Each structure stands twice: as structure tokens, then as C-alpha cells.
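In what follows, a single structure is set out as C-alpha cells and then discussed.
Note that the structure is a prediction, hence the values are computed from the model and not measured. One-based numbering, in listed order, for ligands and for the atoms of each. Residues: numbered from 1 along the sequence shown.
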Amino acid sequence: MKIAIVGCGFVFDIYMRTIRAHPELEVVGVFDKSSERMKSVCTYYGFHSYQSIAEMLDDPEVEIVVNLTNIGSHYEVSRQALEAGKHVYSEKPLTKSLDQSRELFAIAEERRVRLYCAPSNIYSDTVRTIASAVAHGAIGKPLLVYAELDDSPIRLAGFENVFSRTGAPWPLYEEVREGCTYEHLGYHLVWICALFGPAVSVTAFSAELVGHKAKGLPAKVGTPDYSVANLYFSNGTAARITCSVVAPRDHRMRVIGEEGEISAAGYRRYRTPVRLERFTRGSLSARKLEVFQRHPILGSLFGVGGRRIPLSRNWKSEAVERDQQIRSTSQQRVIDWVRRRQVYAQDKFVGVAEMAREICEGKPQYLSPEFLLHLNELTLLTQNAGPQGVAVTPTTTFAPLGPIPGTFRRQPSLTTFRQRPLERLVPRL
Ligand SMILES: NC(=O)c1ccc[n+]([C@@H]2O[C@H](COP(=O)([O-])OP(=O)(O)OC[C@H]3O[C@@H](n4cnc5c(N)ncnc54)[C@H](O)[C@@H]3O)[C@@H](O)[C@H]2O)c1
């Protein structure tokens with residue numbers, strides 16, 4: 001399908017890392033209100049530039065508008081595109097007001113076009129693997145989810161010196177003003193709600209703990225840099241999601257069930273290994289030994305943390321495995337190779353690819369409008385909970401989504417794990 005992109009900032013270049021894995025998506029042009037940014041990306045990638053958003057929306061070739069503008073512009077840009085009869089894929093959060101988000105879906109319905117929203121990590125192999133293992137009973141009945149999104153102390157991370165491939169500065173002021181909850185909560189909400197359905201209650205807290213996060217901004221900007229959301233689902237599962245730019249990086253995802261735990265070190269690398277621990281008396285006892293806490297590899301011999309399970313693959317898995325950059329020096333390729341294996345490797349375009357596939361095949365929207373509205377409501381509730389906290393029943397809900405589309409390889413049965421020999425040796429301490 002033919003797409004046009006609005007917003008040529010930092011994340012634009014992250015999207016571009018995997019564009020070549022999606023030949024079915026053709027970029028017909030881009031627009032940014034900053035002519036400098038537009039010129040930079042057009043020079044680098046060879047894209048056509050539009051002189052205005054109106055010119056872009058008047059172009060009959062454009063089928064999908066990908067909205068990569070700042071959060072404050074999401075509503076206005078998406079509204080204009082939907083009203084012009086274009087499908088829209090927006091960066092998250094969809095808007096900063098549930099009423100505005102509802103309005104966008106109403107316009108989409110009226111114009112018979114579709115509105116989708118990031119994040120796309122629901123389509124990662126890591127999330128597919130967790131979802132399929134839980135669905136196949138690998139941990140028994142799921143009871144509890146712990147999801148961390150600590151992204152390191154923002155004021156110490158040196159973001160002032162981070163630039164994208166085409167020279168866009170990492171938007172430090174924007175990230176501080178909008179806050180880590182708007183920016184990050186969706187990455188965990190998307191997989192947790194896809195697995196367990198709509199939250200029937202939310203208890204949330206948010207606060208701004210740290211001052212002077214960026215030079216040139218007031219000491220406190222009035223936006224939380226720490227939040228915690230406790231969700232409760234109708235099947236009896238509870239989830240706790242933490243976001244901060246206060247604590248050092250920790251992106252762990254853990255689902256604990258009656259019989260075991262499934263975990264991954266983070267969502268930001270789409271093929272992050274997934275581990276399964278089937279609880280045994282040995283593995284639970286071994287945790288008490290300090291030596292195993294200090295030396296996780298040793299602990300794993302006694303069953304602590306379980307073992308890696310084969311990752312599911314999706315129709316676009318190769319996007320995060322191979323060098324997809326449009327232009328790369330050999331030095332850059334080495335850096336990218338290490339990054340893909342050790343830091344992060346996302347395929348941000350896979351959400352647009354899934355959207356295009358559903359439109360072309362006339363399939364219903366897997367991430368349904370009701371689902372996306374629910375995520376938006378939970379994000380807004382958590383961001384705005386404040387230090388006194390809130391305990392509320394969300395106003396939005398959605399029908400279960402079912403299995404994540406596009407999975408190629410499913411796991412073998414994971415419920416018949418045999419204990420490791422050493423597990424049996426651990427005394428009951
Ligand atoms: N920075 C990241 O690492 C990152 C990662 C994932 C998602 N995101 C999301 O992507 C979006 C963009 O983030 P970013 O980091 O690229 O920000 P950015 O500030 O670097 O870029 C945003 C661009 O949008 C343009 N823009 C804003 N309003 C516009 C409008 N009305 N019309 C045309 N152009 C407009 C700006 O001029 C700017 O070039 C945000 O929603 C953010 O949450 C960012």
C-alpha cells in the first residue's frame with residue numbers, strides 16, 4: 001500500500017531501520033512542519049516532500065498516513081487525515097483525551113477508513129512466544145504479571161548528545177514534558193491487555209520525583225516521572241506495571257501462574273529470549289541461596305529462572321535480524337549488529353504492515369478500536385493519577401482479541417518439562 005509520513009523527527013529514523021523488510025509498503029512522500037527536518041530525510045532517503053499537509057492529503061495516491069508527530073499534534077494530524085478519507089496509523093498515545101480519541105474513531109467509521117495506533121511490540125516474536133506459552137498452559141492458570149519500564153535517570157543519560165541517523169536530536173524536552181507514562185506505558189499495556197482482556201479495575205499512582213531533568217526547563221515540569229498501575233482482569237489475573245525515568249533500566253516482563261513463570265528481559269528487542277520456569281520444590285528453595293542471586297547462571301543449573309524456550313517466528317521476523325538500513329558504512333553496520341543483538345531491535349513498521357495486510361485482505365482490525373481506546377484510557381488514568389492515587393473502573397472495554405496474527409512457528413508442548421538433576425539435590429532450606 002502507498003503511505004505518506006507526517007513528522008520527520010527522531011523516531012522517523014527508527015522506523016526507517018526496517019523499511020526494506022516491508023516492500024509492500026511504498027513511501028510516496030513525507031511532510032514535516034520543520035522544512036529543515038523534511039529536507040534532511042528527503043536528501044538521505046530520497047523521498048518526495050509535500051509542501052503542506054493539505055497537499056499530502058489531496059494526493060489520491062496516499063492510502064495510509066503514518067502520524068509520527070509529537071504527542072500534542074497527534075489528534076489534529078490524525079483528524080485531518082481521517083477527514084480526508086485516509087487510513088491512519090498513529091504513534092502512541094493516540095491522543096491526550098479520551099473524548100478526542102473517541103471522536104477520531106467516530107470519524108474513521110463515518111469515512112469508512114481505519115485508525116490504528118502504536119506500539120507494535122505486540123507483533124514481536126518475544127510477545128508471541130509469551131502469549132502462546134501462556135495460552136498452551138505452560139505456567140498453569142496465570143495469576144500475576146509484573147512489568148517494568150524503568151528507563152534510567154533521564155538527567156544523567158546524556159540525551160542532549162543523542163541524534164538520529166539524519167540528525168534529529170532526541171527530543172529531551174518533549175520526553176520530560178510529556179513524561180515516561182505517556183511515552184512508555186503502552187508497550188506493556190498492549191501485550192498484557194491482549195493476553196488477559198480489558199482491565200475491570202485500575203489502581204494507579206503517579207508523581208514527579210526528580211527535579212532539574214533538563215537544562216532550560218523549570219526544576220519541576222508538573223509531569224510524572226514515576227508511575228505505577230495495578231490492573232485487575234475479569235479472569236482473576238492481576239498486573240502491576242511500573243514506569244520511570246528515575247531507576248536504572250529494567251524492562252522485564254514476567255507472567256506468574258499457578259505452576260510456573262514465563263519471563264523475558266525486555267520488550268525493546270523483538271527477539272528477546274523467553275524463559276520458562278516450571279516451579280519445583282528445588283527451584284523455589286534454591287532461590288534462597290545468596291550465591292544463586294549473585295550468580296544467576298549457577299542458579300539456572302538448579303532451575304532458578306527456568307530455561308529458554310524456542311521463539312515463535314512471524315512473517316516479518318527477519319526484519320529485526322538483518323541489516324535493513326538504507327545506507328550504511330561498514331563501521332555503522334558493526335554498531336548496528338551489536339545493537340540488534342544486545343540493546344534493541346524493533347520493527348516499528350510491522351504495525352503498519354499488519355494494518356496494510358488487514359486492509360488488503362478485508363480482515364477485521366485485530367487491534368480493535370475498542371482495544372485501542374481501552375489502552376488510551378488506561379494510559380491517561382495512570383498519567384493523571386497523581387500522588388494521591390486513583391482507584392477506578394475504566395469506562396472502556398473490548399472483546400477478546402484472540403491469537404496474535406502472523407505467527408509461523410508455535411512452540412512444542414511446554415508442560416512436560418523434566419527437572420534438572422541438580423534441582424533434586426537442593427535441600428529444603
Ligand atoms: N523518540 C523516540 O525514541 C520514540 C520512540 C517511540 C515512539 N516515539 C513517538 O513518536 C512520536 C514522535 O517522536 P519523535 O521522537 O520523533 O519526536 P521529534 O520531536 O523528534 O519529532 C516530531 C516531528 O514532528 C513534527 N511535527 C510536529 N507537529 C507537526 C504537525 N502538526 N505537522 C507536521 N509535522 C509536525 C516536528 O516538527 C518534528 O520534526 C511521539 O509520539 C513519540 O511518543 C518516539
Next item on the list: Could you check which of V11, V77, D32, T69 puts a non-hydrogen atom nearest to atom 25 (C) of ligand 1?
Entry: D32
Checklist line | Candidate list R252, R275, R254, test salt bridge (Lys or Arg N to Asp or Glu O under 4.0 Å), partner E261, passing option | finding: R254
Next item on the list: From the options R341, R165, R17, select the one residue that forms a salt bridge (Lys or Arg N to Asp or Glu O under 4.0 Å) with D336.
Entry: R165
Check: Would you say ligand 1 has an N or O under 3.5 Å from any N or O of N70?
Finding: yes
Check: Quick one: does F10 get an N or O within less than 3.5 Å of an N or O on ligand 1?
Finding: yes
Check: Is ligand 1 less than 4.0 angstrom away from at least one heavy atom of L68?
Finding: yes
Residue part near ligand 1, for [X], under 4.0 Å between non-hydrogen atoms:
X: K348; answer: side chain
X: Y182; answer: neither
X: E175; answer: side chain
X: H74; answer: side chain
X: A168; answer: neither
X: K33; answer: both
X: Y187; answer: side chain

Checklist line | Heavy atom of the protein closest to atom 43 (O) of ligand 1 (residue, atom name, distance) | finding: E183 OE1, 2.7 Å
Next item on the list: Kindly determine whether Y50 and H48 satisfy ring pair (Phe, Tyr, Trp, His ring centres under 6.0 Å), including the steps that lead there.
Entry: CA-CA 7 Å; Y50 294 100; H48 164 72; 4.8 Å; yes
Next item on the list: Mark yes when over 12 heavy atoms from residues, nucleotides or ligands other than Y146 sit less than 6.0 Å from its OH; otherwise mark no.
Entry: no
Note to self: Regarding Y89 and E354, do their side chains bring together a donor and an acceptor under 3.5 Å, going by distance alone?
What the structure shows: no
Note to self: Regarding S97 and D99, do their side chains bring together a donor and an acceptor under 3.5 Å, going by distance alone?
What the structure shows: no
Check: In terms of ring plane angle, is the pair Y366 and Y123 parallel, tilted or perpendicular, where the classes change at 30° and 60°?
Finding: tilted
